[in-house]
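Each chain gets a letter, A, B and so on, in the order its sequence line appears, and its residues count up from 1.
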Amino acid sequence: MLANTDPEVKHADALLAWYDRHRRRLPWRALPGEAADPYRVWLSEIMLQQTTVKTVGPYFEAFVARWPDVGAMAASDVEDILKAWAGLGYYSRARNLHACARVVSETLGGRFPDDVEGLRKLPGVGAYTAAAVAAIAFGRRAAVVDGNVERVVTRLEAIETPLPQAKPLIAACVEAITPESRPGDFAQAMMDLGATICTPKRPACALCPFMARCSARQAGTQETFPRKAPKARRPLRRGAAFWVTRPDGWVLVRKRPDKGLLGGMTEIPSSVWSEDFDAAGAVGHAPLKMKWRRLPGEVQHGFTHFELAVTVYAADAPLTAKAPPDCRWVRLADLDGEALPTVMRKIAALARGQ
DNA sequence: GACCCGTGGCA
DNA sequence: TTGCCAAGGGT
């Protein structure tokens, strides 16, 4: 048998040998030699978008316990998906997850497409996820590029072009080193390497299978990659939330519009949030005309592109009070089970004196 | 390409 | 404390 001396193949061989010794054991990952379940691979990849392995763990376990296959998920209501997703963030992922399950179950016979082109058409599945599922679940040779891989490759090749302009070049580099054999393991190996060795700060280069051929390492500049354009500072927005309770202990909540920030989630009825919020006229944003009392303190919360400070107002409604449009009454004890995003849980905690 | 979209952990 | 970062996608 001829030895393959192609340098790209040597990258893959070195990495796969490292992976066979050091692979992480993760709840969604098949054991060596075991076939991956496309449903679990897809579900985990959606959850892992911009979200840490540690955070995803319990959510993944809860989801597969409740919805063991794509048919079960497709048969559920999107509201139940949102409730189970609450706290995980990026809520459009949850709505797309449900939409995708319906497409796969109802128009694709319950089977996920087995190639990148087909996967890419599904809601919530972009270039990364399509490639990851194709490679990991179906053994397709696909260039899987996430944030870990971007870091590994920009260091390996000392790519000076900043992100996101460097993305096409990085994809081409990954394409060149992805092997025909074990492409799914190769992709997971690249991500494990980025997560455990080729870390953003203080990478453990001495343990890296690429050390000898890493351009940035040879120059001693590995920590400076990837190059990135500086980020804009997040502005501070202000707003008000309105905590209305009845004598029997029920509280008023509202469903947010399906699109936009916290789309489709439940909220404690709130004002708009803006940089020039008029605190003096805050109660003008309330869902009901009430005698409001401003509660001491303030809820602080960080979103992707702004900081938020919310003032909370409370009022007592009569037992007979009607819920305004989009609003409904829920038992205080049932609030935890609602599709309440974290910022709304903070508001509820302040209102309840916790 | 630029902007929108959550949250928690870490230095 | 503040900023950075995490298995990105949609528009």
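- With rounding to whole Å, Arg234(A) atom CZ is found 10 Å from dT7(B) atom C1'.
- Residue contacts for Val144(A): at a heavy-atom cut-off of 4.0 Å it reaches no nucleic acid atom on any strand shown.
- Side-chain N/O atoms of Thr304(A) and base N/O atoms of dG6(B) include a donor-acceptor pair closer than 3.5 Å.
- Spacing between atom NZ of Lys54(A) and atom C1' of dT7(B) amounts to 13 Å, rounded to whole angstrom units.
- Nearest nucleotide to the side chain of Pro200(A), out of dT7(B), dA7(C), dC5(C): dC5(C).
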Checking salt bridge (charged side-chain N to carboxylate O under 4.0 Å, His left out) for the pair Arg293(A)/Asp316(A): CA distance, chi angles, key distance, verdict? CA-CA 10 Å; Arg293(A) 54 183 188 277; Asp316(A) 303 308; 3.3 Å; yes

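- Thr51(A) contributes no side-chain N or O that forms a donor-acceptor pair with the base of dG8(C) under 3.5 Å.
- Rounded to a whole Å, the CG atom of Leu82(A) is 13 Å from the P atom of dT7(B).
- Here dC5(B) presents its P atom at 18 Å from CG of Leu88(A), a figure rounded to the nearest Å.
- Here Arg202(A) lies out of heavy-atom contact (under 4.0 Å) with every strand.
- Using a 4.0 Å heavy-atom cutoff across all strands shown, Leu26(A) reaches at least one base atom of the nucleic acid.
- Put simply, Gln49(A) has no side-chain N or O that comes within less than 4.0 Å of OP1 or OP2 on dG8(C).
- Proximity of the aromatic rings of His301(A) and Phe303(A) is defined here by a centroid distance below 6.0 angstrom, and this criterion is met.
- Gly194(A) comes within 4.0 angstrom of nothing in the nucleic acid, heavy atoms only.
- In this structure, Leu43(A) places its CG atom 17 Å from P of dA7(C), rounding to the nearest Å.
- Going from atom NE2 of His98(A) over to atom C1' of dG9(C) covers 19 Å, rounded to whole Å.
- Donor-acceptor pairing under 3.5 Å, judged by distance alone, is absent between the side chain of Arg151(A) and the base of dA6(C).
- Residue contacts shown for Thr129(A) are limited to sugar-phosphate atoms, with no base heavy atom under 4.0 Å away.
- A cation-pi geometry, defined here as NZ or CZ lying under 6.0 Å from the six-membered ring centre and within 45° of its normal, holds between Arg227(A) and Phe225(A).
- Within 4.0 Å of Ala187(A), counting heavy atoms only, lies no atom of the nucleic acid at all.
- Taking side-chain N and O atoms only, Tyr91(A) has a distance below 4.0 Å to OP1 or OP2 of dT7(B).
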